[in-house]
Amino acid sequence: MREPFSPDYPSGQSSRILYTPSAFARNSLLYLQEAGALTDTRSRTSRRGQLPSYLCLSVMDGTGQLSYGGEQYELTAGDIVFIDCQQAYSYSTGSTGDMEDETALWSLQWCYFYGRSMPAIYEKYCERGGRAVLHVAEPEPYMALLSDIRGYAASFGNIQEMRINECLSALLAQLIEASWYQGNDAPNPKKMDLGKVKAFLDKYYGERVSLDTVASHFFIDKCYLARIFKEQYGMTLTDYLHQVRINHAKYMLRYTNKRIDEIGMECGIDEPNYFSRVFRKLEGMSPSEYRGLW
């Protein structure tokens with residue numbers, strides 16, 4: 001279902017598409033609910049809440065305000081809003097009185113979307129420091145994706161919903177990547193250079209590596225290292241080390257005839273039962289079951 005461009009929009013110009021996803025999209029994809037763009041020339045406030053939806057909004061020009069989660073945010077051109085619409089929110093522009101001329105107060109583009117995985121994704125976004133409003137250095141990639149989403153929503157084809165899903169996934173990846181950098185006007189070099197720690201784990205996974213040994217090697221407090229590693233990579237250092245070890249174990253299970261206990265030892269996990277527990281936790285099956293399947 002589509003609502004076409006509306007030149008008689010009471011406070012400016014608005015174009016929006018109300019999108020009805022298929023059952024397949026609702027069950028299997030990130031799916032669109034609404035996409036649009038508007039230019040306001042008069043003061044206006046929009047209030048909503050208790051919507052099974054997430055909103056991504058880009059301020060293309062002008063200024064406005066957002067009320068969300070008990071906080072008030074000033075919005076300016078280039079800001080990106082990403083919120084859970086189950087919570088009450090409102091956004092507005094202009095002064096208390098209507099403006100009589102046709103000067104644009106602000107221009108926006110947005111999309112409302114959902115998917116079964118969205119609550120967990122938004123939780124991850126918030127865990128990484130994501131805020132309701134992102135002040136990004138380069139808003140153009142977000143604007144381009146929002147524009148692409150509107151374009152796909154207005155089209156018709158047998159892969160239309162897959163394209164929308166692809167754009168929404170890319171949009172979420174950009175939002176989560178940007179979330180960690182919010183509030184870091186002067187980034188700490190140690191926070192920004194964890195690639196050396198990751199490379200160390202990639203190289204020495206087969207040895208007795210732990211948080212303590214890594215912290216000692218890089219002369220970093222282990223509690224600080226644990227915190228910034230999880231902030232930057234979205235998992236603990238130990239979880240990443242287990243992931244690296246199990247990836248190598250899977251290769252050996254598939255392409256060598258080595259015993260399972262030997263493989264565990266070569267991957268840095270000497271105790272066979274512990275190796276099996278870690279493997280099952282990550283793969284959902286035992287090492288022997290994995291070898292049999294592949």
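Counting from 1, the numbers follow the sequence of the chain as shown.
Between Trp294 and Tyr290, the angle of the ring planes lies from 30° to 60°, which puts this pair in the tilted group. Ring geometry for His242 versus Tyr274: interplanar angle over 60°, hence perpendicular rather than tilted (30 to 60°).
In this structure, Tyr233 is a member of the same hydrophobic cluster as Ile220, with clusters built from ILVMFWY side-chain heavy atoms closer than 4.5 Å.
Side chains of Pro52 and Gln86 form a contact here, defined as non-hydrogen atoms less than 4.5 Å apart. For the pair Val81/Asp79, no side-chain contact is recorded, criterion being any heavy-atom separation below 4.5 Å from C-beta on. Residues Leu108 and Thr93 are not in side-chain contact: their nearest non-hydrogen atoms beyond the backbone lie 4.5 Å or more apart. Two residues are said to be in side-chain contact when any heavy atoms from C-beta on lie closer than 4.5 Å; Phe275 and Met265 fail this criterion. Thr213 is not listed as a side-chain neighbour of Glu207, based on a closest heavy-atom distance of 4.5 Å or more. Using a 4.5 Å cut-off on side-chain heavy atoms (C-beta onward), Phe229 and Leu211 make no contact. With a 4.5 Å cut-off on side-chain heavy atoms, Tyr125 and Leu175 count as touching. Counting only heavy atoms from C-beta outward, the side chains of Val209 and Val214 approach each other to under 4.5 Å.
Counting heavy atoms of neighbouring residues, nucleotides and ligands inside a 6.0 Å radius, atom CZ of Phe200 exceeds 12 of them. Residue Tyr251 qualifies as open at atom OH: its count of foreign heavy atoms under 6.0 Å is 12 or below. Other residues, nucleotides and ligands contribute over 12 non-hydrogen atoms within 6.0 Å of the CG atom of Asp221.
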Return a table of donor-acceptor pairs under 3.5 angstrom between the side chains of residues 140-150 and protein atoms on other chains or two or more places apart.
unit_1	atom_1	unit_2	atom_2	d
Tyr142	OH	Gln174	O	3.2
Arg150	NH1	Gln109	OE1	2.6

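Side chain of Glu262 to main chain of Arg259: a donor-acceptor pair is present (N/O by atom type, distance under 3.5 Å, no hydrogens or angles). Between the side chain of Gln160 and the backbone N or O of Tyr152 there is at least one donor-acceptor pair closer than 3.5 Å.
Leu253 approaches Pro287 most closely through the heavy-atom pair CD1-O, 3.8 Å.
A donor-acceptor contact closer than 3.5 angstrom is absent between the side chains of Tyr114 and Gln33. Side-chain N/O atoms of Ser286 and Ser288 include a donor and acceptor closer than 3.5 Å. Looking only at atom types and distance, the side chain of Ser46 has no donor-acceptor partner in the side chain of Arg48 under 3.5 Å away. Judged purely by distance below 3.5 Å, without hydrogens or angles, the side chains of Thr39 and Ser107 pair a donor atom with an acceptor atom.
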query = salt bridge (Lys or Arg N to Asp or Glu O under 4.0 Å) between Lys230 and Asp239: does it pass, once the steps are laid out?
reply = CA-CA 10 Å; Lys230 185 170 183 180; Asp239 285 344; over 6 Å; no
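Aromatic rings of Tyr122 and Phe82 (six-membered ring for Trp) have centroids within the 6.0 Å cut-off, being under it.
Under 4.0 Å is where a charged nitrogen must lie from a carboxylate oxygen, and between Glu266 and Lys258 at least one such pair does.
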